[in-house]
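For clarity, every value in this text was computed on a predicted model and none was experimentally measured. Ligands are counted one by one from 1 in listed order, and the atoms in each one are counted from 1 as well.
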Amino acid sequence: MLYYPSTLCRWALPVERSSPYIWVTWLTKLLVGENSCEWGAWFRAHFQNYDVTPGTFDSTGWQLKHTNLLNRIRAQLEAQGKTVFTENQNKFVLRGQSATLGGKPDLIAISGSAGTVFDVKTGAPSPSHHVQVMVYMYAAPRALGQYRGVTFDGKVVYEGQEVPIPSLAVDDAFVRNLVELIGRLAGPTPARKAPSLMECGFCNLTTANCPERVADAVVQDGETGDF
Ligand code: SF4
């Protein structure tokens with residue numbers, strides 16, 4: 001039985017999953033240190049049907065740009081004679097002993113025993129985008145039978161820019177970090193919580209599930225005569 005704050009009885013209780021489930025995008029900012037609050041991902045790994053904050057993100061505009069860019073990449077790769085699989089064709093579930101990892105690479109192009117994982121981004125470049133592709137490079141040949149034996153490199157595609165990721169980037173150190181993080185999120189002990197304006201501003205959990213959520217700017221200040 002997992003620890004869970006008793007204050008939740010005032011709201012509809014989230015439903016505990018039968019076993020931990022982790023979506024790739026919950027890992028990427030934690031892996032590169034853009035986010036240090038592991039508790040949110042731990043909570044999502046163990047519970048489902050939880051309340052989320054109302055979104056302000058323009059998902060229709062994002063979807064239009066993303067699809068447009070993805071279609072252009074697919075057409076270029078097919079013109080080069082590559083076999084291309086997109087989005088739901090690449091959806092995977094990789095079952096481990098402690099957790100299940102799920103993800104959906106935007107596009108995979110295959111040519112013989114070489115493959116490339118593409119992920120298309122519409123915003124500013126970020127290291128977490130590269131790590132997302134690296135997790136796909138790790139998981140795709142293990143989870144999807146048609147890619148067994150395929151060596152993958154990767155590419156993050158932005159409007160007007162492509163960032164290549166060599167297959168060697170997914171080395172032992174990367175896999176060790178990934179496995180350790182999954183272990184912390186899959187375990188019964190709640191992971192580290194690090195509430196701050198920055199962390200909570202990008203987190204969709206509500207105070208019903210995370211009472212420590214920081215909603216307003218609280219800037220601590222002091223005075224010094226040193227300067
Ligand atoms: S609301 Fe803030 S403290 Fe709570 S899980 Fe999300 S980021 Fe962490």
Side-chain angles (χ1 to χ4, degrees), residues 1-59 61-63 66 93-94 96 98-104 119 121-136 139 156 174 176-222:
M1 188 66 183
L2 294 169
Y3 157 84
Y4 201 72
S6 59
T7 50
L8 287 180
C9 60
R10 284 180 283 154
W11 294 274
L13 280 173
V15 177
E16 189 172 341
R17 298 181 190 272
S18 55
S19 61
Y21 177 87
I22 296 168
W23 190 248
V24 167
T25 53
W26 302 345
L27 301 172
T28 53
K29 288 189 175 175
L30 294 171
L31 280 166
V32 297
E34 285 179 19
N35 180 350
S36 59
C37 186
E38 293 187 356
W39 192 89
W42 175 86
F43 176 82
R44 294 179 186 96
H46 289 275
F47 294 92
Q48 55 191 337
N49 297 343
Y50 44 82
D51 292 336
V52 295
T53 56
T56 53
F57 180 63
D58 175 12
S59 61
W62 176 86
Q63 193 70 40
H66 184 266
V93 169
L94 180 60
S98 63
T100 296
L101 181 66
K104 192 170 70 169
D119 217 65
K121 299 294 181 192
T122 56
S126 157
S128 63
H129 301 157
H130 306 179
V131 164
Q132 184 177 343
V133 170
M134 288 163 69
V135 179
Y136 293 150
V156 187
F174 174 78
R176 195 164 51 245
N177 282 342
L178 175 66
V179 168
E180 284 175 3
L181 177 58
I182 289 173
R184 290 197 295 280
L185 301 184
T189 305
R192 179 173 181 268
K193 192 176 269 196
S196 76
L197 190 64
M198 183 65 84
E199 309 275 347
C200 302
F202 289 100
C203 178
N204 67 357
L205 296 183
T206 66
T207 51
N209 298 316
C210 180
E212 292 83 0
R213 180 181 177 87
V214 176
D216 299 309
V218 181
V219 179
Q220 300 199 39
D221 58 6

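Applying the 4.0 Å criterion to heavy atoms of Pro195 picks out, from ligand 1, the atoms 3 (S). Using a 4.0 Å cut-off to heavy atoms of Lys193, the atoms of ligand 1 that qualify are 3 (S). Interface of Trp39 with ligand 1, defined as ligand atoms under 4.0 Å from a residue heavy atom, comprises 5 (S). Taking every non-hydrogen atom of Gly40 and a distance limit under 4.0 Å, the qualifying atoms of ligand 1 come out as 5 (S). In summary, the atoms of ligand 1 found under 4.0 Å from a heavy atom of Glu199, numbered by their order in the structure, are 7 (S).
Smallest separation of non-hydrogen atoms from Pro127 and Glu34: CD-OE2, 3.3 Å. Across all their heavy atoms, Val24 and Gly103 have their closest contact at CG2-CA, 4.0 Å. Looking at every heavy atom in both residues, Ser128 comes nearest to Thr28 through O-CB, 3.6 Å.
A heavy-atom distance below 4.5 Å is not found between the side chains of Met134 and Leu178.
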Legend entry - Audit row: Thr25, Gln132, side chain to side chain donor-acceptor pair (under 3.5 Å) steps and yes/no: CA-CA 7 Å; Thr25 53; Gln132 184 177 343; over 6 Å; no
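The OG atom of Ser19 sits 10.0 Å away from atom NE2 of His46, with the distance rounded to the nearest 0.5 Å.
The residue among Cys210, Ala215, Pro211 with a heavy atom at the shortest distance from atom 4 (Fe) of ligand 1 is Cys210.
In this pair, Trp42 and Trp39 present their aromatic rings tilted. The plane angle is within the 30 to 60° band.
For Cys37, every heavy-atom contact with ligand 1 shorter than 4.0 Å involves the side chain, none the backbone.
Considering only non-hydrogen protein atoms, atom 6 (Fe) of ligand 1 sits nearest to Cys203 SG, 2.4 Å.
Look at Cys200 and atom 6 (Fe) of ligand 1: no N/O/S atom of the residue is under 2.8 Å from the metal.
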